[in-house]
Every structure is written in structure tokens, then in C-alpha cells.
A.B. asks: 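I'd like to ask you about the structure that follows.
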Amino acid sequence: MTLYRATDAADTMDFVAMLIATYCERTGMAREALQSYLQVGQQELRSAGPQEASHAHVAGPAGRSSLVRGDANADEP
């Protein structure tokens with residue numbers, strides 16, 4: 001449920017960002033600047049899902065050496 005709510009909030013924020021971007025574009029902001037502010041390269045990273053670095057980042061606070069399934073170094077929950 002938490003992940004559902006987080007993605008719902010992300011969708012809402014994306015909608016708001018697009019409204020602001022539309023305003024900026026109509027008032028003359030350069031396309032390159034707009035793309036920079038929107039961090040368009042990060043969208044590709046998000047669509048790929050959690051990566052190994054994300055699992056490693058979460059593993060530390062969880063007190064485990066790894067949380068990646070199938071990892072020989074992964075601690076069992």
C-alpha cells in the first residue's frame with residue numbers, strides 16, 4: 001500500500017511539474033533549460049526500477065550485507 005501511495009503521489013507531482021513546465025515554456029524559457037529543470041534523464045532511471053545500488057543502500061539500515069534476492073551474500077530475513 002505504501003508503494004501504491006508513493007507512486008500515486010509521484011504521478012500527481014509529475015502532473016504539477018508539467019503544468020509549471022507548460023507555463024515556463026509559454027513565457028519563453030529555453031527548451032534546454034526546461035529539460036534541465038525537469039531532469040528528464042532521471043525519468044529513464046526511475047522506469048528501470050530498483051537497481052543494485054538501491055538494494056545496497058537499503059541493506060545498511062536494515063542491518064544486512066545485501067537485500068538482492070539470489071545474491072550469495074544476502075542475509076535471510
Side-chain angles (χ1 to χ4, degrees):
M1 187 60 140
T2 302
L3 189 55
Y4 175 79
R5 294 292 182 204
T7 55
D8 189 36
D11 288 342
T12 301
M13 291 305 298
D14 186 54
F15 177 73
V16 171
M18 290 302 108
L19 287 176
I20 295 168
T22 301
Y23 172 79
C24 291
E25 190 173 54
R26 287 184 174 207
T27 58
M29 181 180 280
R31 186 129 183 103
E32 295 81 20
L34 190 59
Q35 288 179 340
S36 174
Y37 287 127
L38 290 173
Q39 303 175 29
V40 294
Q42 299 233 1
Q43 189 63 35
E44 294 174 14
L45 296 174
R46 288 186 198 105
S47 66
Q51 302 299 309
E52 187 173 330
S54 298
H55 288 280
H57 185 76
V58 171
R64 298 184 179 141
S65 59
S66 177
L67 292 177
V68 179
R69 289 187 181 164
D71 185 345
N73 296 322
D75 297 329
E76 293 299 318

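Predicted model only: the values in this text are computed from it and were never measured. Residues: numbered from 1 along the sequence shown.
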A.B. asks: Would you mind listing the cluster partners of Val16? Hydrophobic ones only (ILVMFWY), side-chain contacts under 4.5 Å, chaining allowed.
C.D. replies: Ile20
A.B. asks: In residues 27-37, what donor-acceptor pairs under 3.5 Å come from side-chain atoms, sequence neighbours left out?
C.D. replies:
residue, atom, partner, partner atom, Å
Thr27, OG1, Tyr23, O, 3.1
Thr27, OG1, Cys24, O, 3.1
Arg31, NH1, Glu25, OE2, 2.8

A.B. asks: Which hydrophobic side chains are connected to Phe15, either touching it within the sub-4.5 Å cutoff or through other members that do?
C.D. replies: Leu19
